[in-house]
Protein chains: 2
Amino acid sequence: MDRRQEILEAATKSFSLFGFKATTMEQIAKIANVGKGTIYTFFDNKEVLFQEIVLRVITEMKQEATKVIKKEASFQENAYAALMKMLEFRDTHQLFAKIIAEEQEWRTPAVIQVKAQIEQAIVSFIKQKIDKYINAGEVRQVNSELVAYLLLKGYLAFVNDWNLTHEKPLTEKEITDFFQDTIFHSLIL
Amino acid sequence: MDRRQEILEAATKSFSLFGFKATTMEQIAKIANVGKGTIYTFFDNKEVLFQEIVLRVITEMKQEATKVIKKEASFQENAYAALMKMLEFRDTHQLFAKIIAEEQEWRTPAVIQVKAQIEQAIVSFIKQKIDKYINAGEVRQVNSELVAYLLLKGYLAFVNDWNLTHEKPLTEKEITDFFQDTIFHSLIL
DNA sequence: GAAATGACTAGAAAACCATTACGGTCATCT
DNA sequence: AGATGACCGTAATGGTTTTCTAGTCATTTC
């Protein structure tokens with residue numbers, strides 16, 4: 001396998017496991033079985049490497065979400081399926097969990113920036129999808145960016161904050177059903 | 001004026017201006033024109049004093065919000081008015097802004113706890129109001145606690161986080177109109 | 001003598017500093 | 001020519017000292 005790919009995989013593993021701050025370039029090099037200097041022939045610096053990885057994960061997520069959207073299904077059905085997909089994605093990819101945790105705990109500039117980037121990407125992705133349905137006349141003419149933002153932030157709040165004040169965490173289905181019942185419900189014509 | 005009241009006002013002033021951590025008991029005593037020991041004859045400790053003040057502000061806010069709710073108006077109208085009132089309240093009371101900022105920056109246990117308390121109080125207040133309208137048959141049978149939670153967290157996200165990634169902050173009216181158009185819109189029968 | 005006070009104390013936080021660790025470079029090696 | 005790891009300067013860490021402050025209590029005040 002090519003060295004660039006090896007490095008990317010090693011770095012993904014380490015960032016997911018230990019976070020950005022606690023991952024050293026030496027460690028990545030060791031896992032990837034390359035010299036530290038080799039990493040720098042492919043990536044300008046640690047930050048750029050991190051960004052590339054995050055970008056890949058985002059792309060993968062978009063693809064997964066897009067895959068479940070069926071032409072023949074209604075907006076509500078598709079929204080439900082896509083949302084479910086993204087929720088389950090979050091569970092599997094520890095990287096996102098790590099990023100969120102690290103942003104709160106250490107305030108590493110690179111991490112803060114990347115988290116903003118991720119949010120930006122997700123919001124604009126959701127916005128795009130909603131806009132499509134607005135143009136198709138299936139959804140009311142709302143401010144799609146605000147809707148997307150509310151969906152993301154609401155979701156994050158339910159997943160990250162809810163259990164700080166409540167005994168039982170919400171299941172993915174409860175969250176999705178609730179969004180279905182309120183926000184999505186208000187959008188259809 | 002009685003000493004207890006003087007202390008409360010001095011402490012409110014200082015907490016609002018400098019936050020919990022940066023306010024010293026000596027400073028409160030000086031502003032209130034009492035000896036430091038006197039504070040402890042009225043309040044067990046700094047934390048209790050802080051809690052009492054926060055509780056007072058919450059109570060005041062509830063009263064203000066309740067005041068604008070009119071028996072003869074519709075759910076949507078009342079929701080809109082109450083929300084507007086709470087938004088404007090937030091602007092005027094720097095204390096809340098300080099608490100949120102301090103929670104993020106310093107993680108003072110007392111502040112984290114108080115912020116959770118405030119959120120709890122606001123959510124249960126909103127929930128109560130929604131439940132009333134559900135019982136009156138004006139609102140669909142939704143999970144009112146989730147709605148209340150989403151309203152609060154969504155609102156906080158729009159106010160605190162939106163301008164981190166966007167040039168122009170959202171006006172109170174934009175936020176309220178948006179909630180009106182989506183969440184509240186989905187609730188009415 | 002009941003209430004108020006501020007000097008005092010213990011423990012927590014900040015400032016300081018010595019040491020380590022790490023990101024990034026580059027002379028050397030394969 | 002491409003890979004490498006010893007090396008460098010800087011940033012993070014952690015141990016130590018100093019400062020600060022919440023809370024107490026002996027003394028004062030009215």
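Note on naming: letters A, B, ... go to the chains in the order of the sequence lines (proteins, then strands), and numbering restarts at 1 for each one.
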>> Could you tell me how far apart B:Leu49 (CG) and D:dT21 (P) are, to the nearest whole angstrom?
In response: 17 Å

>> Quick check on B:Lys13: does its NZ atom have over 12 non-hydrogen neighbours (other residues, nucleotides or ligands) under 6.0 Å away?
In response: no

> B:Glu26 CD to D:dA22 C1': how many Å, rounded?
Replying inline: 10 Å

>> In whole Å, I'd like the distance from the CD atom of A:Gln27 to the C1' atom of C:dA21.
In response: 13 Å

> Rounding to a whole Å, what distance do you find between B:Lys30:NZ and C:dG6:P?
Replying inline: 11 Å

> Taking the side chain of B:Arg3 as its heavy atoms from C-beta onward, which of D:dA3, D:dG23, C:dA4 lies nearest to it?
Replying inline: C:dA4

> Roughly how many Å is it from OH in A:Tyr40 to C1' in D:dC7, rounded to a whole number?
Replying inline: 14 Å

>> Between B:Gly35 and B:Trp106, which residue's closest nucleotide on DNA chain C lies nearer the 5′ terminus?
In response: B:Gly35

> Please give, in whole Å, the distance from C:dA13 C1' to B:Glu105 CD?
Replying inline: 15 Å

> Quick one: do the A:Gln51 and A:Glu47 side chains pair a donor with an acceptor below 3.5 Å?
Replying inline: no

> Nearest of D:dA22, D:dA12, C:dA4 to any side-chain atom of A:Lys21?
Replying inline: D:dA12

> Is it the case that B:Lys46 places NZ or CZ above or below the six-membered ring of B:Phe20, under 6.0 angstrom from the centre and within 45 degrees of the axis?
Replying inline: yes

> Checking all strands, does A:Thr108 fall into the base, sugar-phosphate, or nothing category for heavy-atom contacts under 4.0 angstrom?
Replying inline: nothing

> Side chain of B:Asn45: nearest nucleotide among D:dG23, D:dA3, C:dG24?
Replying inline: D:dG23

>> Using the side-chain heavy atoms of B:Met25, tell me which of these nucleotides is nearest: D:dA22, D:dA3, C:dG24.
In response: D:dA22

> In terms of the nearest nucleotide of DNA chain D, which residue is placed more toward the 5' end: B:Thr24 or A:Asn33?
Replying inline: A:Asn33

> Considering only heavy atoms from C-beta outward, does the side chain of A:Ile118 approach that of A:Val57 to under 4.5 Å?
Replying inline: no

> For A:Thr171 and A:Glu174, does a side-chain donor sit closer than 3.5 Å to a side-chain acceptor?
Replying inline: yes

> With nearest nucleotides of DNA chain D determined for A:Thr38 and B:Lys46 from heavy-atom distances, which residue corresponds to the more 5′ nucleotide?
Replying inline: A:Thr38

>> Nearest to the B:Thr41 side chain among D:dT21, C:dA4, D:dG23, which nucleotide is it?
In response: C:dA4

> Within this structure, what is the CD1-to-P distance between A:Ile39 and C:dG23, rounded to whole angstrom?
Replying inline: 9 Å

>> Could you check whether the side chain of A:Lys36 and the base of C:dG24 have a donor-acceptor pair of N or O atoms closer than 3.5 Å, going by distance alone?
In response: yes

> In whole Å, what is the span from the CZ atom of A:Phe42 to the P atom of D:dT4?
Replying inline: 10 Å

